[in-house]
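Basis for what follows: all heavy atoms, side chains included, without hydrogens, waters or symmetry-related copies.
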Amino acid sequence: MNLAIVKISPSPGRRQEVLDILESVCGPTLAASGCLECSIYQEQGEEQVIVYLERWRLRAEMIEHLGSPIYSRVLGALELSEGPPEISFYEITGTEGMELIEGVRSPPGTSKAGGKVIAFNGKPITKGEAT
């Protein structure tokens with residue numbers, strides 16, 4: 001799975017324009033082969049950063065999308081940022097759910113993980129251990 005995260009700090013008076021552009025991209029992006037999620041978030045706080053997130057099944061599908069006319073609109077939204085936008089791409093090789101939390105928070109010998117050793121990045125985790 002692949003994740004693309006774009007953070008934009010809109011120039012004064014351009015916030016709604018950035019949101020409108022990103023909203024116009026989400027529908028077509030979700031319809032693209034391999035797109036698992038397309039979301040827009042607004043951070044609270046002084047800067048009020050807009051976060052645009054895409055989650056893709058395969059890297060090749062994400063790469064194809066990055067070269068598409070639809071993604072040109074995202075690039076247009078970046079131009080409306082007051083400062084340099086933050087752009088990050090992640091390749092996720094594994095995920096865990098509630099069993100990780102249970103394994104970390106349960107007293108030794110009482111984990112509900114079915115006797116499995118709870119691990120993060122391939123290393124066993126014990127309560128209180130820093131990662």
>> Can you give me the closest heavy-atom contact between Arg15 and Gln48, atom names plus distance?
In response: NH1-O, 2.6 Å
>> When you measure from the side chain of Ser81 to the backbone of Leu78, do you find a donor-acceptor pair of N or O atoms at a distance under 3.5 Å?
In response: no
> For the atom pair CE (Met62) and OG1 (Thr29), what is the distance rounded to the nearest 0.5 Å?
Replying inline: 13.0 Å
> Looking only at heavy atoms, which two atoms of Cys38 and Leu30 are closest? And how far apart?
Replying inline: N-CD2, 3.5 Å
> Does the side chain of Arg73 come within less than 4.5 Å of Ser24's, by heavy atoms?
Replying inline: yes
> CD1 of Ile40 to CG of Leu19: how many Å apart, nearest 0.5 Å?
Replying inline: 6.5 Å
>> Return the CZ to OG distance between Arg14 and Ser9, rounded to the nearest 0.5 Å.
In response: 14.5 Å
> Linking I/L/V/M/F/W/Y whenever any side-chain heavy atoms sit under 4.5 Å apart, do Tyr41 and Val74 land together?
Replying inline: no
> From Ile21 CD1 over to Glu79 CD, what is the distance, rounded to the nearest 0.5 angstrom?
Replying inline: 10.0 Å
> How many angstroms lie between CG in Leu66 and OG in Ser72, if you round to the nearest 0.5 Å?
Replying inline: 10.5 Å
> Would you say Leu22 and Leu36 are hydrophobically clustered, going by side-chain heavy atoms of ILVMFWY under 4.5 Å?
Replying inline: no
> If Ile, Leu, Val, Met, Phe, Trp and Tyr residues are connected whenever their side-chain heavy atoms lie under 4.5 Å apart, and connections chain through other members, are Phe89 and Ile8 in the same group?
Replying inline: yes
>> Taking salt bridge (charged side-chain N to carboxylate O under 4.0 Å, His left out) as the definition, give me every residue that meets it alongside Glu23, ordered by chain and number, with sequence neighbours left out.
In response: none
>> What's the separation between atom CD1 in Ile92 and atom CG in Asn2, rounded to the nearest 0.5 Å?
In response: 7.5 Å
> Who pairs with Glu61 by side-chain contact (heavy atoms from CB on, under 4.5 Å), at least two apart in sequence or on another chain?
Replying inline: Ser33, Trp56, Arg57, Leu58
> Within a radius of less than 6.0 Å around CD of Gln44, do more than 12 heavy atoms belonging to other residues, nucleotides or ligands occur?
Replying inline: no
>> Contact between Val49 and Glu86 at the side-chain level, heavy atoms closer than 4.5 Å - yes or no?
In response: no
> Cluster question for you: counting only ILVMFWY and a side-chain heavy-atom cut-off of under 4.5 Å, with indirect links fine, are Tyr90 and Val6 together?
Replying inline: no
> Does the side chain of Glu54 pick up a donor-acceptor pair with the side chain of Tyr52 at under 3.5 Å?
Replying inline: yes
> Should Leu75 and Val25 be counted in the same cluster of Ile, Leu, Val, Met, Phe, Trp and Tyr side chains packed under 4.5 Å apart?
Replying inline: yes
> Would Leu80 and Ser11 count as a side-chain contact (heavy atoms from CB on, under 4.5 Å) if you check the C-alpha gap in whole Å, the side-chain angles of each, and the deciding distance to 0.1 Å?
Replying inline: CA-CA 6 Å; Leu80 302 175; Ser11 298; 5.5 Å; no
